[in-house]
J.: 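Take this structure first; my questions come after.
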Amino acid sequence: MSSSIDSSVKITKPFSSDTDKEKEGLLQDADLYRDKLETQWSGLKKEATEYGKQALVIGGVMATTFVVMNALLPKGKKKKEILVEPVVPVEKKVTKIKTQSAVGQAVQSLAWTLAVGWARQKLKHFIEDERKTE
């Protein structure tokens, strides 16, 4: 909406017997306002197209990051049914499982951080390129 709109209304003499001239004047005014509206409408369509493209790129980056992260990161542990039998607890195995779980969580956290940082950089570069072309 870079062009300003002249919203003033022409006030002509109160009444004239020459209606053909008034009709021509009104038709010219109508054409002028129609041209202004078409200019505004084309500007709005152009802006909407640009914002739509940016939104699609952002959504694509997010979706790609989500798919890649789901493909690379390990899935959560699935719970298995445990049969009711007396189990002798072993300290070493429990400690080892906790350590593996913590390491897995740290790797997963690092992978998410790297992926989100990569997506942010790609989005930043895309927006900068879009602004340069305008």
Side-chain angles (χ1 to χ4, degrees):
M1 295 190 183
S2 59
S3 63
S4 63
I5 303 171
D6 181 20
S7 62
S8 63
V9 178
K10 283 186 181 177
I11 299 178
T12 59
K13 48 187 167 178
F15 182 72
S16 169
S17 62
D18 191 7
T19 57
D20 289 333
K21 284 185 182 179
E22 287 185 20
K23 183 178 178 181
E24 287 177 20
L26 290 173
L27 287 174
Q28 289 175 351
D29 288 344
D31 288 337
L32 175 73
Y33 287 119
R34 183 180 301 117
D35 291 340
K36 287 182 180 182
L37 285 172
E38 286 175 357
T39 303
Q40 278 185 334
W41 181 247
S42 64
L44 287 173
K45 287 194 293 188
K46 181 181 175 187
E47 288 177 5
T49 302
E50 290 175 11
Y51 290 132
K53 287 179 183 177
Q54 290 178 357
L56 284 175
V57 168
I58 292 169
V61 168
M62 290 175 62
T64 302
T65 303
F66 178 76
V67 168
V68 168
M69 295 308 297
N70 277 341
L72 295 178
L73 296 178
K75 303 292 183 206
K77 294 182 183 178
K78 293 183 180 179
K79 295 183 180 179
K80 297 179 182 178
E81 290 185 27
I82 300 174
L83 299 175
V84 180
E85 293 181 14
V87 178
V88 178
V90 178
E91 294 283 333
K92 288 183 179 180
K93 288 183 181 179
V94 173
T95 308
K96 195 173 187 179
I97 291 173
K98 287 182 182 177
T99 305
Q100 289 175 350
S101 173
V103 170
Q105 289 175 354
V107 169
Q108 183 178 8
S109 176
L110 180 62
W112 272 109
T113 303
L114 292 174
V116 170
W118 173 80
R120 183 181 60 83
Q121 286 295 328
K122 289 293 184 183
L123 182 60
K124 180 179 158 186
H125 291 305
F126 174 77
I127 291 172
E128 287 174 357
D129 290 342
E130 284 293 315
R131 288 185 180 167
K132 286 179 184 177
T133 59
E134 291 176 0

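Numbers here are sequence positions counted from 1.
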J.: Run the side-chain contact (heavy atoms from CB on, under 4.5 Å) test on Asp31 and Arg34 for me, step by step, so that the C-alpha distance in whole Å, both residues' side-chain angles and the decisive distance to 0.1 Å come before the verdict.
T.: CA-CA 5 Å; Asp31 288 337; Arg34 183 180 301 117; 2.7 Å; yes
J.: Give the cluster check for Phe66 versus Val61: same hydrophobic cluster or not, with ILVMFWY residues linked at side-chain heavy-atom distances below 4.5 Å.
T.: no
J.: Nearest 0.5 Å please: distance from the CG atom of Leu56 over to the OH atom of Tyr51.
T.: 15.0 Å
J.: Give, for atom CG of Asp29 and atom CD of Glu22, the distance between the pair rounded to the nearest 0.5 Å.
T.: 11.5 Å
J.: Which heavy atom of Ala115 sits nearest a heavy atom of Met69, and at what distance?
T.: CB-SD, 3.2 Å
J.: Ser109 side chain to Gln105 main-chain N or O, any donor-acceptor pair under 3.5 Å?
T.: no
J.: What distance separates Leu27 CG from Leu32 CG, expressed to the nearest 0.5 Å?
T.: 12.5 Å
J.: Could you measure the distance from the CG atom of Leu26 to the NZ atom of Lys21? Nearest 0.5 Å is fine.
T.: 14.0 Å
J.: In Å and rounded to the nearest 0.5 Å, what is the OG1 to CG distance from Thr65 to Leu123?
T.: 10.0 Å
J.: Could you grab the distance from atom NE2 of His125 to atom CD of Gln121, nearest 0.5 Å is fine?
T.: 4.5 Å
J.: Show the numbers, then the answer: is there a side-chain contact (heavy atoms from CB on, under 4.5 Å) between Arg131 and Ile127?
T.: CA-CA 6 Å; Arg131 288 185 180 167; Ile127 291 172; 3.9 Å; yes
